[in-house]
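Report on the following structure.
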Amino acid sequence: MARPENAADRPHDWASRFCSHTGQFPSSALSSLPPGTSMPAVPPDPSPDNSPASGTPMSGTAAGLEKARRDKLLKIAALGIDPWGSRFDGAQPIADVRHLGEPLRRAEGEPAADDGPTVRVAGRIMLLRSAGSLVFISLADRAGRIQIMLGKKQVGPDAWKLVDCLDLGDLIGIDGRLGYSKTGEMTVFATAITFLTKSIETPPDKFHGLVDAELKQRMRYVDLIHGEGVRERFIARSRIVASVRQTLFDRGYLEVEGPTLQDSAGGAAARPFKTHHNALDMPLVLRIALELHLKRLLVGGMERVFELGRVYRNEGVSPRHNPEFTMLEAYEAYGDYATMMDLTEAIIRDAAKVAGTPSTVHWMGHAIDLAKPFRRATYDDLLREVVGCDPTDPASITTAAAALGIDTAGRHPDVVKSDLFEATCEGTLSAPTFVIDYPAAICPLTKRKSGQPHLAERFELYVAGMELANAYTELNDPDLQEELFRTQLAGLASDESMARMDTDFIRALRHGMPPAGGLGIGIDRLVMLLTQSASIRDVILFPIHRPQSEG
RNA sequence: GCCCCGUUAGCUCAAUUGGUCAGAGCAUCUGACUCUUAAUCAGAGGGUUCCUGGUUCGAGUCCAGGACGGGGCACCA
């Protein structure tokens, strides 16, 4: 959609009401914008409601802060400039401009140099220092910051009226010569300024930014502007997600999208969110896992598929849990869980590279070496090592569990064993560790180990005591799968079990699902690790919150 | 759902045992300044101390209930 060439095409906007096409002073030779119509020789008196005198009783209140900015907005409009700006072509990324300026570097004490190449930049005013008829601005765009110098003589009296109306947080475009100030700071010496958008809200403390975790999350837009490393963290997240996709594409995987609205939430043990479809008048639940539909696609001949998307679990929030989170699941025909261990390591290593993660990550009090091959240890070996019990003897497990106050009465021995493992072993798994060969009874979707039907070919990857990935050799025997769906484990409530009958899934298996490895990775937790973030809410742009109370 | 902790100006933070304690910096406004760097200097204004009650001569401070957040537990293979 092209920008309107004539202000008359935009009868309702600010510029058309003030007889100018652009907000730029002066009409720079560099400008890619059409030349403006004649500017009023003397702009109308720029103060509809003249600036308050010293001591006006609201100059520091929230309303007073806003009024000061709105007064400047009206002054800008009175200058014939649209305070909400318009298309601005040809701005160079500030990071590129800085690169351009490096060879011109001058030491502090040398005379200022303002004769470098001509550049055009656009961004937000982060700092603004006025020294009378000279203003220094720190301008930030998506990937960098650079100092701008605006001089009254250099830009001319008309543009200077606009400079008087600038506030922290405003968006402007600058044309100028690249050079260095007297103190050796790389600087764009402005020859023209284009006003792009007024900011009506007061920015946070310019040194500390937002500190309050609640404000940072509710007003992420402010946190992204002012928070130290915040934008970089979410850029890293974007790159990690792209890298995960690329690693899978490189191995011949197809990305697919399964249904998020389902009539039964399968594939994991979690309570779903419930909703309702009006036209069909049917209850629906939001998905809690991607698994069962991706396996249907294995049956359909999509031999390597993955989905990277949101799942929803109606459970508590914690520094490691958000009710909606991003999950990767990948399935590879003719592979098994060992195949998926190799894939998991590749995904994490590739992602660490693009995220700029150091090879040794210091996170949550652990020093984690991501470069060396991840340890592989069996579930039973870890129990023997950490607890000192005999994992093959139910009596020994029960005794050890009871000693820790774990409820054992009437519960399946494998469920007790699972509780014991969580209570004792998980926290010890600091270095990346594939825990392999789980008790079969707690793995209703997993193939049993050949000749050892009490063990399931499953692994979970733990890093810093936190579960990061979960994978199995997929169960493809439809009769056994149906039986496991029917079996309710003793001691588990129905909504705590993942054994939920799905007859269509059984029918799919009856058509023949290839032997396969399947993998799930919690993307948010992976981003936490790779960006060394302590809370999942630091890597989710808009984590869940209760509504903000009124007044 | 349970336990502990927190909430003071737009933002970041002070305020002794309940007693001139409503304070600072940034931001805002006025003035000075053509090389500043969280600019500086001079001046001014800005408060429902989260809310509702209670105790007290007196509450930001103590008590009860509520709201929101942080941490832990439960939940979550």
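Quick note on labels: first sequence line is chain A, next is B, and so on, each numbered from 1. Remember, it's a predicted structure, so these values are computed and weren't measured experimentally.
As a whole-Å value, the separation of Asp164(A) CG from U30(B) C1' is 14 Å. C75(B) atom C1' lies 12 Å from atom CG of Asp419(A), rounded to whole Å. The distance from atom CZ of Arg313(A) to atom P of C75(B) is 15 Å, rounded to the nearest whole Å. Rounded to whole Å, the distance from CZ on Arg145(A) to P on A38(B) is 11 Å. For the pair Ile200(A) CD1 and U28(B) P, the computed distance is 14 Å after rounding to whole Å. Rounded to an integer number of Å, the gap from Ile137(A) CD1 to A38(B) C1' is 16 Å. To the nearest angstrom, P of C35(B) lies 21 Å from CE of Met186(A).
Put simply, the side chain of Arg448(A) gets close to the backbone of Ala440(A): a donor and an acceptor are under 3.5 Å apart. Panel note: side chain Gln217(A), backbone Asp212(A); no donor-acceptor pair is recorded below 3.5 Å.
Proximity of the aromatic rings of Phe421(A) and Tyr379(A) is defined here by a centroid distance below 6.0 angstrom, and this criterion is met.
Here Ser130(A) lies in heavy-atom contact (under 4.0 Å) with a base. Across all strands shown, Arg458(A) has heavy atoms under 4.0 Å from base atoms, whether or not it also approaches the sugar-phosphate. Heavy atoms of Asn314(A) sit nowhere under 4.0 angstrom from any nucleic acid atom. Residue Ala62(A) is in sugar-phosphate contact alone, with no base atom involved, counting any heavy-atom pair closer than 4.0 Å across all strands shown. Glu460(A) comes within contact range of the sugar-phosphate backbone alone, with a heavy-atom separation under 4.0 Å but no base atom that close. Ala68(A) comes within 4.0 angstrom of the backbone, heavy atoms only, and of no base. Within 4.0 Å of Leu65(A), counting heavy atoms only, lies at least one base atom of the nucleic acid. Base contact: Gln147(A) has a heavy atom under 4.0 Å from a base atom.
Judged by atom type and distance alone, Glu214(A) does not reach the base of U7(B) through any side-chain donor-acceptor pair under 3.5 Å. Counting atom types as modelled, His321(A) pairs a side-chain N or O with a base atom of C76(B) as donor and acceptor under 3.5 Å.
OP1 or OP2 of G70(B) sits under 4.0 Å from a side-chain N or O of Arg537(A). Remark: Lys72(A) is in phosphate contact with C29(B), judged by side-chain N or O atoms under 4.0 Å from OP1 or OP2. Residue Thr61(A) places no side-chain N or O under 4.0 Å from the OP1 or OP2 atom of G46(B). Residue Arg320(A) places no side-chain N or O under 4.0 Å from the OP1 or OP2 atom of C76(B). Contact annotation: Lys206(A) side-chain N/O to A27(B) OP1/OP2 distance is under 4.0 Å.
The listed nucleotides are C33(B), U12(B), C35(B); the one nearest the side chain of Leu210(A) is U12(B). When the nucleotides U34(B), G70(B), C11(B) are ranked by their closest atom to the side chain of Ala213(A), G70(B) comes out on top. Minimum atom distance to the side chain of Asp205(A) is reached by U12(B), of the listed C33(B), U12(B), A27(B). When distances are taken from the side chain of His545(A) to each of G70(B), C35(B), A27(B), the shortest belongs to G70(B). Set against U36(B), G69(B), C13(B), the side chain of Arg546(A) has G69(B) as its closest nucleotide. In this structure, the nucleotide among G10(B), A38(B), C35(B) sitting nearest to the side chain of Phe136(A) is C35(B). Comparing A27(B), U34(B), C35(B) by their closest approach to the side chain of Ser133(A) singles out U34(B). Here G70(B) is the nucleotide among C29(B), C75(B), G70(B) with the atom lying nearest to any side-chain atom of Gln217(A). In the set C11(B), C29(B), G10(B), C11(B) carries the atom at the smallest distance from any side-chain atom of Pro204(A).
By the side-chain contact (heavy atoms from CB on, under 4.5 Å) test, His454(A) pairs with Gln452(A), sequence neighbours left out.
Around atom CZ of Arg376(A), more than 12 heavy atoms belonging to other residues, nucleotides or ligands sit under 6.0 Å away.
A salt bridge links Lys417(A) with Asp380(A): the closest approach of a Lys/Arg side-chain nitrogen to an acidic carboxylate oxygen falls below 4.0 angstrom. Salt bridge absent: Glu228(A) and Arg233(A) never bring a charged side-chain N and a carboxylate O closer than 4.0 Å. Using a cutoff of 4.0 Å between basic side-chain nitrogens and carboxylate oxygens, Lys161(A) and Asp164(A) are not scored as salt-bridged.
Side-chain contact of Tyr462(A) with Glu426(A): a donor-acceptor pair under 3.5 Å is present, judged by distance alone.
Nucleotides C41(B) and G25(B), compared at atom P, are 10 Å apart to the nearest Å. To the nearest whole angstrom, the two C1' atoms, one in G6(B) and one in U49(B), are 14 Å apart. The gap from the C1' atom of C68(B) to that of C50(B) amounts to 8 Å, rounded to the nearest Å.
Geometrically, Arg177(A) does not engage Phe189(A) in a cation-pi contact, judged by NZ or CZ lying under 6.0 Å from the ring centre and within 45° of the ring axis.
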Given the rule that a pair is Watson-Crick or G-U wobble with both distances under 3.5 Å, how would you write RNA chain B in dot-bracket, using | for pairs to a different strand?
(((((((..((((.....[...)))).(((((.......))))).....(((((..]....))))))))))))....
